Amino acid sequence: MLLVRGGQVVEPSGSQRADVLIDSGRIAAVGPEIDAPGAEILDASGALVVPGAIDAHTHFGLPVGEVRSADDFESGTIAAACGGTTCVVDFAGAGRESPDVALGEWTANASGRAVIDYGLHLTVTSVPDDPAEAARLFASFLERGVASVKLYMAYPERLMVDDATLARALTASVETGLLVCVHAEDGAEIERLTARELELGHVGPDAHPATRPPEVEAAAIRRAAQLAGDAGAAVYVVHLSSAAGLREVRAANANGLRVLAETCPQYLYLTEDRLLATSEEAANFVCAPPLRADVDREALWSGLADGSVQVLATDHCPFTTSDRRRGVYAREEGWRTFREIPGGLPGVETRLALGFQGVRQGRLPLVRWIDSVATAPARLFGLSHVKGSLAVGLDGDVVVFDPAAHHRLDADRLHMATDHSPYAGMQVTGWPAITISRGTIVARDGEPWEAAPGRGHFVRRLPFDWPNPELPGR
Ligand code: MN
C-alpha cells in the first residue's frame, strides 16, 4: 500500500489538496487526510499529484531501412517512467507486412522488456475492397485489444495509401469502433518538391523542410477530414506541426467534421533554423513533418491551450548520431541526400516537463496540461477504463510532480538510448519526483527505481467513442 500524502491533485476537472491511496496496484481512495495504517507514506507536500501520463505515439525498435530506432521497449519504457509516463501506445508495423506479422513482432519486442504498461496501434497499408471483409478485419484488431490504426498519406515507397484505401478504413472504423489516425502529409506533392530540390543540388538537411512545407500538411488534413466526413467517421491527425494545419483542423470541426489532433513538443519548441547547422548536427533534427517557424509554434501552443489540439504525444523515434550519419542504406561513406537520413527525434522522457513549461509561462492552463498528456489520450485511445485519471478502481499509475525541480535536458542526463538531445543545454523547472506504475515505484527523481523489465503489461483497449463535448479538451 502506498499513501501519497499532502499533494495538490490535478485532473482535467480541476485541482484539490488531497491524499491518494494505492492498494493492490489500484487507486483505492482519493480525498483529504486519508488514514491508512501500514501504508508506505510518500510525502507530496509542495508537489502536484497527477495521473500517470500516456504517450500515444512512440516508435520503439522501429526498423527504417538498415537502421532501427535507438530505444527498444526496455530502454524506451525506462526513459518514459523517468519522465512521468506510465503507459505508451506504440505503432506496430514498419511497412507493408501483414497485421498478424506486425502484431506478432511487436508483441515479441515488448514482452519481457517493458517496464510500464503499453498498448499497440497498427499501421495499416491495405484495406480489403469488400466492406464486410474490411469490417471483419478491423473487428479482429479490436478483439486483440488494438483500438486504433494509422494510415500514411506520405512515403509512397513504404507506407502510403491512396484516398480510396483511407476511405475504406474510415468506413470500417465507424462500424467497428476503431479510431483511424493519419499521418497527414501529401506524399505526391512531397515527391515533386523533393525531385526539385535534388535537381538543384540541394541534398543536405537544410533542404528537407522545403520538400514538406506547411501547405503539404494542410492539404492532406483537408482531404482526410473530407473523407472522414463522407464516411461519417472521426479522424485523428498525428503530429500536427503547422499553423496552416491547425487552421484546417479548426475549419473542419467548425463545419461539423470530426477531426482530432495531436502535437509534439518538438513542434512547440524547435524551429527549422536547427537544420542550418553543420550537416552532421543538422541531421539530428531531421523529422517529418519538419520543424517549422515561430508562428507555427505559437499557433500550436494556442491550439493545445484551447483544446483544438487534444493530445500532446511525442512521435518518439530517436536514432544515434552514427546511425543518422550512415543513413537508411547504412553506407560506410554516409548518407548521400537528406532522403537517406533516418528521421525522428527522442522525446518520450521529456514530454511532461516540456508541456509543464507552457504552464509556467502562462501558455497552457494546468488542467489542459494534464488532460493533453494523460486524460485525453486515455479517452481517445480506449484506455479510460484503466488509466488517465485518479479515479478509484483505476490502475495505480500516479506521478508526484515537483514543480520546482530543475532538470537539464542533455543526453547524458536522460535515459533515452541516443547520444544527442534536441534540447541540449536547456534547463526545465518541474520534473517528476516519483513515478508509480500499478502501485510500484518505477522512478524517483528522474532515475529508474524498481523498474524491472517485463513488469509492464499489454493493455487491451476499448472501442473508440466520440468524446462528450461537455468535457474539457474535447
Ligand atoms: Mn510517428
Side-chain angles (χ1 to χ4, degrees), residues 54-65 67-73 76 79-80 85 87-97 102 105-106 109-110 118-125 146 148-161 166 179-187 190 208 212 216-217 220-221 224 235-242 245 260-268 270 284-292 300 309-319 323-324 328 341-351 377 380-381 416 418 422:
I54 298 170
D55 191 340
H57 191 157
T58 63
H59 298 284
F60 293 149
L62 179 72
V64 180
V67 299
R68 202 174 261 269
S69 62
D71 274 306
D72 62 14
F73 268 87
T85 288
C87 184
V88 298
V89 191
D90 201 81
F91 283 91
R96 300 195 188 274
E97 74 271 49
E105 193 176 325
W106 257 255
N109 289 348
Y118 59 94
L120 295 173
H121 308 278
L122 255 174
T123 296
V124 163
T125 53
V146 174
S148 48
V149 293
K150 178 165 71 168
L151 291 89
Y152 282 79
M153 299 172 80
Y155 303 113
E157 71 290 358
R158 190 156 72 80
L159 294 159
M160 190 167 89
V161 299
L166 179 53
L179 178 59
V180 171
C181 306
V182 287
H183 176 123
E185 287 188 300
D186 180 337
I190 291 166
H208 186 246
R212 316 177 91 100
V216 156
E217 178 175 73
I221 292 171
V235 67
Y236 177 97
V237 176
V238 299
H239 53 47
L240 183 71
S241 67
S242 66
L260 301 156
E262 147 200 302
T263 192
C264 312
Q266 55 269 35
Y267 302 116
L268 297 171
L270 307 174
N284 286 341
F285 290 90
V286 170
C287 57
L291 303 178
R292 307 221 184 257
L300 291 168
V309 177
Q310 289 79 19
V311 172
L312 183 63
T314 63
D315 196 7
H316 176 83
C317 192
F319 294 91
D323 277 350
R324 294 221 193 240
V328 297
I341 301 170
L345 303 182
V348 76
E349 191 171 0
T350 48
R351 177 181 61 125
L380 300 182
F381 289 106
M416 298 175 282
T418 181

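When a residue number appears, it is its place in the shown sequence, counting from 1. Computed from a predicted model, the values in this text were never measured in an experiment. Each ligand, and each atom within it, is numbered from 1 in the order the structure gives.
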Fill in the blank from the handout: For Asp315, the N, O or S atom at the shortest distance from the Mn ion (ligand 1) is OD1
Less than 3.5 Å apart, any donor N or O on the side chain of [X] or [Y] sitting next to an acceptor on the other?
X	Y	result
His316	Asp71	yes
Thr85	Asp55	no
Ser69	His59	no

Practice task
Return the orientation label for the His183 and Tyr155 ring planes: parallel under 30°, perpendicular over 60°, tilted otherwise.
Solution key: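 Ring orientation of His183 relative to Tyr155: perpendicular.
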Practice task
Verify the distance test for His239 against the Mn ion (ligand 1): any N/O/S atom under 2.8 Å, yes or no.
Solution key: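 It does not; every qualifying atom lies at 2.8 Å or beyond.
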Problem - Cys317 backbone or side-chain N/O/S under 2.8 Å from the Mn ion (ligand 1) - result: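 It does not: Cys317 brings no N, O or S atom closer than 2.8 Å to the Mn ion (ligand 1).
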Exercise for the section: Give, rounded to 10 degrees, the angle between NE2 (His59) and NE2 (His57) as seen from the Mn ion (ligand 1). Expected result: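 Nearest ten degrees: 90°.
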